[in-house]
Amino acid sequence: MAQYRRVSGSVGLITLQNPPVNALSASVRQGIVDSVKRALGDQKVKSVVICGQNGVFCGGADIREFGRQMSGPPLVPMIHDIEAANKPVVAAIEGSALGGGLELALGCHYRISHSKAKLGLPEVTLGLLPAAGGTQRLPRLIGVPAALNLITTGRHVTAAEALQLGILDHVTEHNTVDVAVKFALSVTGESLDGRRISSFSCAPLSDLDSLFEEAMLKVRGAARGAIAPVACVQAVRAAATLPYAQGMEREKELMATLFHSGQARALQYFFFAQRAVGRWSTPSGARWDTSQPRPVRKAAVIGLGTMGRGITVALAQAGLSVVAVETHAKQLMEAKKAVPSMLKRGAVRGGTTIEPDSITYSETVQAVADVDLVIEAVFEDMALKEKVFQQLSIVCKPDTLLCTNTSSLDVDHLASQTRHPELVVGMHFFAPAHVMKLLEVVYGRRSSPAAVATAMQLGKKMGKVSVAVGNCRGFAGNRMLKRYLEQAFFLLEEGATPELVDRALEEFGFPMGVFRMSDLSGLDVGWRVRKADGLADTSLTGTSARVRQGCRYSPLGDLLCEHGRFGQKTGRGWYQYDKPGGRVAKSDPWLHNFLDEYRARHGLVPRCIDQQEVLERCLFVLINEGFQILEEGIAAGPEDIDAIYVFGYGWPRHRGGPMFYADMVGLERVVERLERYHQAHPNVPYLQPSGLLRRLVANGSPPIHKWRNVIKNRNSQL
Ligand SMILES: CC(C)(COP(=O)(O)OP(=O)(O)OC[C@H]1O[C@@H](n2cnc3c(N)ncnc32)[C@H](O)[C@@H]1OP(=O)(O)O)[C@@H](O)C(=O)NCCC(=O)NCCSC(=O)C[C@@H](O)CCCCCCCCCCCCC(=O)O
Ligand SMILES: NC(=O)c1ccc[n+]([C@@H]2O[C@H](COP(=O)([O-])OP(=O)(O)OC[C@H]3O[C@@H](n4cnc5c(N)ncnc54)[C@H](O)[C@@H]3O)[C@@H](O)[C@H]2O)c1
């Protein structure tokens, strides 16, 4: 709703009231329409101020209304009536003015903002465009190039930037509503002719065609296959080339194509999923709202290789003092150079300064005696990590939280090496750790609720999306990835090429196909793990060469490594590169011959494999593992898995994440295809649909937001 009252004698003050972000629900829109009518009809009222309660102007349209039958007054005529008013209307912006919130402010004649407010048109991130006149008014106000940037990226700008761009008339450090009321009094009776943005023309530009071509190329490159950014460019083009009324028609048409699209559904699901992962819980009953995080002011990182350096930077950027320990002198020397330059680059990007003296370096673990939390990032070697945890348990304060960045080793086993296993959790960062948004917080059997809460909160402070997961081999993300990689190898054995598999995945929306990604991260990483597991034995011949532990196995990755082909770092992998460290993947005839010879040696007759099979084999098997993970309680809900895949593995956000994708495709279809592939490949047991997936289908395939109930019911029967 909206509250209306008269203040300072002649100012009608309209306050939007819909906590927490004053979204423009039907009742808020009705409240605004009624209040505006009252203010305009009241002779004593000479000007109007619109603000939001609790220090937030407005977070935009109510996203929860989108999937339902829409009711209440529509936004476009509501904003039009405000702009057409014959009394000055001033927007008093505090907190956020986003999406429909900013569009409402653009309909006002003046905009005054608090210096700490954020403004933006983030509709594109929800698969939409600003369809309450945003695509038509913003370019008229600030020019086409700046509006294109804001509308196609959805980025939020500070009040200072908004002032500079011309979105705001005034920025204040004081009480914004008071300032706006005073201002409203001062402009009483003034002409509003030059204040209605819809009557402006866009500033002329010399080469509109190339500007829009460039913008189109940019948005297509940034999110492959996403339709909303393309529609945003088209809508802004309409603003630049058509009169306002026709532009508004075009905006409406384009919105109609987006509004019911699968991509909009996926992105809006993902908006809420991101927030849901913060409300974590564990099977032992620990929860986000009952667990108290501990303060962490000083942290340590052990091991300054690839991961340790990134983690050190991310901790320092979060404002912590960091003790960085590296036992190898050469590595330490290199880290001392690399970390400050990474910090400097980060500061340039983020516009902040980090004091390099917030980091101290040491060659010995004794230096961590007084820290609140340690993150271990030494080699992936259990014996070494055991030793490090034993040392830490002696050196650190008794209440220091001990975390490991292991990608696959048993967190419970590491905890058992310490005096306080309840203070041990996994903090699984992704490379590069100061850039990648994902953090898996791995709770062990004995991790205390406070330990999990502390790691989750620290992750958030470091700007990460922290997802709580249980302890198992590969945790959630890498466990699912393993299945995806294995299927990709099998497809090569059956006749596919890396190019064909990668093309299918990239057209689906991944920034990189599985083989290009494997070349980038290094084939030797998986090889080392497979060797440690006793799997990578290429001396085996005949049928046993392609079977391990009773299941189908592909030694292709191991064979490539034996040829010294580790990917980009050696200049050869699934593709060839112009030099070691080269980035541009080129098709490699050697690899194609190698695959031909391999198939011939093993009596494999290559067949034609289409893109659909690639997607089904690689993605459905990954999804099936996701259901298994949910069934085992390793992840609490599908949103956790989807956040992990979007933020850690490049799953296209406009497809919502693997579990949402399964819901979109239809669970019955996923089961049917998995069963078919399992029949064709009976020695791949994980092609069998998981118990949870079958149960969901048996329960009539409920929508994704109801899956937790099915999981809970199952667990409560145990
Ligand atoms: C505002 C924020 C920056 C605040 O961040 P903060 O960290 O403080 O808080 P949280 O993010 O945790 O949020 C708290 C809480 O609030 C929920 N929430 C936030 N925003 C909204 C919202 N806009 N609607 C609903 N709920 C919201 C959030 O989910 C949290 O609750 P939870 O339970 O999940 O923990 C930050 O919240 C933020 O960034 N919000 C989103 C801002 C945004 O994206 N705004 C844009 C919204 S879309 C929009 O405004 C569209 C407009 O352009 C209007 C378009 C007109 C539409 C007309 C429809 C025409 C249809 C035509 C087609 C029909 C064709 C046919 O059928 O024939
Ligand atoms: N590289 C990745 O992509 C990635 C991603 C996520 C997690 N991880 C995990 O992070 C950990 C580190 O991986 P990395 O790639 O950074 O390894 P790395 O080989 O680049 O670095 C490890 C560093 O630890 C140092 N070290 C070894 N023993 C030490 C000790 N006792 N005390 C202090 N330093 C010691 C080494 O000298 C080396 O500098 C591993 O557990 C790995 O599984 C790696």
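Nothing fancy with the numbering, it's 1 onward along the sequence. Order of appearance sets the numbers: ligands from 1, and atoms from 1 within every ligand.
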Taking NZ, NE, NH1 and NH2 as the nitrogens, is one of them in E334 or K337 under 4.0 Å from a carboxylate oxygen of the other? no
Is the positively charged end of R68 above the ring of F66, judged by distance under 6.0 angstrom from the centroid and angle within 45° of the axis? no
Atoms in ligand 1 with a heavy atom of P130 nearer than 4.0 Å: 53 (O)
Could you establish whether H260 and ligand 1 come within less than 4.0 Å of each other, counting only heavy atoms on the residue side? yes
Give the residue, atom name and distance (to 0.1 Å) of the protein heavy atom nearest atom 15 (C) of ligand 1. P20 CG, 3.5 Å
Atom 34 (O) of ligand 1: which protein heavy atom is closest, and how many Å away? R64 NH2, 3.4 Å
Within ligand 1, which atoms have a heavy atom of I63 less than 4.0 Å away? 22 (C), 23 (N), 24 (N), 25 (C)
Specify the protein heavy atom at minimum distance from atom 57 (C) of ligand 1: its residue, its atom name, and the distance to 0.1 Å. M255 CE, 4.0 Å
Which atom pair, heavy atoms only, marks the closest approach of G134 to L121? O-CD1, 4.2 Å
Over 12 foreign heavy atoms within 6.0 Å of NZ, K569: yes
Provide the number and element of each atom of ligand 1 under 4.0 Å from a heavy atom of G60. 50 (O)
May I ask you to check whether S96 has an N/O atom sitting below 3.5 Å from an N/O atom of ligand 1? no
Can you find an N or O of M70 that's nearer than 3.5 Å to an N or O of ligand 1? no
If we count only N and O atoms by modelled type, under 3.5 Å, do the side chains of Y244 and R140 hold a donor and an acceptor together? no
Under a 3.5 Å cutoff, is there a donor and acceptor pairing between the side chains of E380 and S408? yes
Which of the atoms of ligand 1 are close to L126, meaning less than 4.0 Å from one of its heavy atoms? 44 (O), 46 (C), 47 (C), 48 (S)
Ligand 1 to F66 polar contact by distance, N or O atoms, under 3.5 Å: no
For atom 3 (C) of ligand 1, which protein heavy atom lies nearest, and how many Å away is it? L98 CD1, 3.6 Å
Please verify whether a non-hydrogen atom of G134 lies at under 4.0 Å from ligand 1. no
Checking heavy atoms under 4.0 Å, the part of L121 that sits near ligand 1 is neither
Any side-chain donor-acceptor pair under 3.5 Å between E639 and H705? no
Going by the order shown, which atoms of ligand 1 are within less than 4.0 Å of some heavy atom of L75? 54 (C)
Hey, are Y649 and N478 close enough side-chain-wise for a donor-acceptor pair under 3.5 Å? yes
Is there a donor-acceptor contact under 3.5 Å linking the side chains of Q390 and T418? no
For L392 and K387, run side chain to side chain contact (heavy atoms under 4.5 Å, CB included): C-alpha distance rounded to whole Å, both residues' side-chain angles, the deciding distance at 0.1 Å, then the answer. CA-CA 9 Å; L392 289 171; K387 205 172 121 212; over 6 Å; no
With a 4.0 Å cut-off, would you call R29 and D81 a salt bridge? no
Tell me, which protein residue and heavy-atom name are nearest atom 4 (C) of ligand 1, and how many Å apart are they? V21 CG1, 4.0 Å
Shell of residues surrounding ligand 2, defined by a 4.0 angstrom heavy-atom cut-off that is strict: I302, G303, L304, G305, T306, M307, V325, E326, T327, H328, Q331, A377, V378, F379, E380, L384, K385, V388, N405, T406, S407, H428, F429, A431
Any atoms of ligand 1 less than 4.0 Å from a non-hydrogen atom of D62? List them with their elements. 24 (N), 25 (C)
Of all protein heavy atoms, the one nearest atom 10 (P) of ligand 1 is R275 NE, 3.6 Å
List the steps, then state whether side chain to side chain contact (heavy atoms under 4.5 Å, CB included) holds for F475 with I634. CA-CA 8 Å; F475 317 128; I634 295 292; 5.8 Å; no
Strictly below 4.0 Å, N to O, side chains only: are D381 and K385 in salt-bridge contact? no
Among G99, G59, G120, which residue places a heavy atom closest to atom 45 (N) of ligand 1? G59
Quiz question: by atom type and distance under 3.5 Å, do the side chains of T135 and E251 form a donor-acceptor pair? yes
Heavy-atom contacts with E103 under 4.0 Å: which atoms of ligand 1 show up? List them by number with element. 52 (C), 53 (O), 54 (C)
Within the 4.0 Å heavy-atom cut-off, what A61 brings close to ligand 1 is both
Restricting to heavy atoms, the pick from F57, F272, F271 nearest atom 41 (C) of ligand 1 would be F271
Taking 4.0 angstrom as the limit and counting only heavy atoms of R279, give me the atoms of ligand 1 inside it, by number and element. 32 (P), 33 (O), 35 (O)
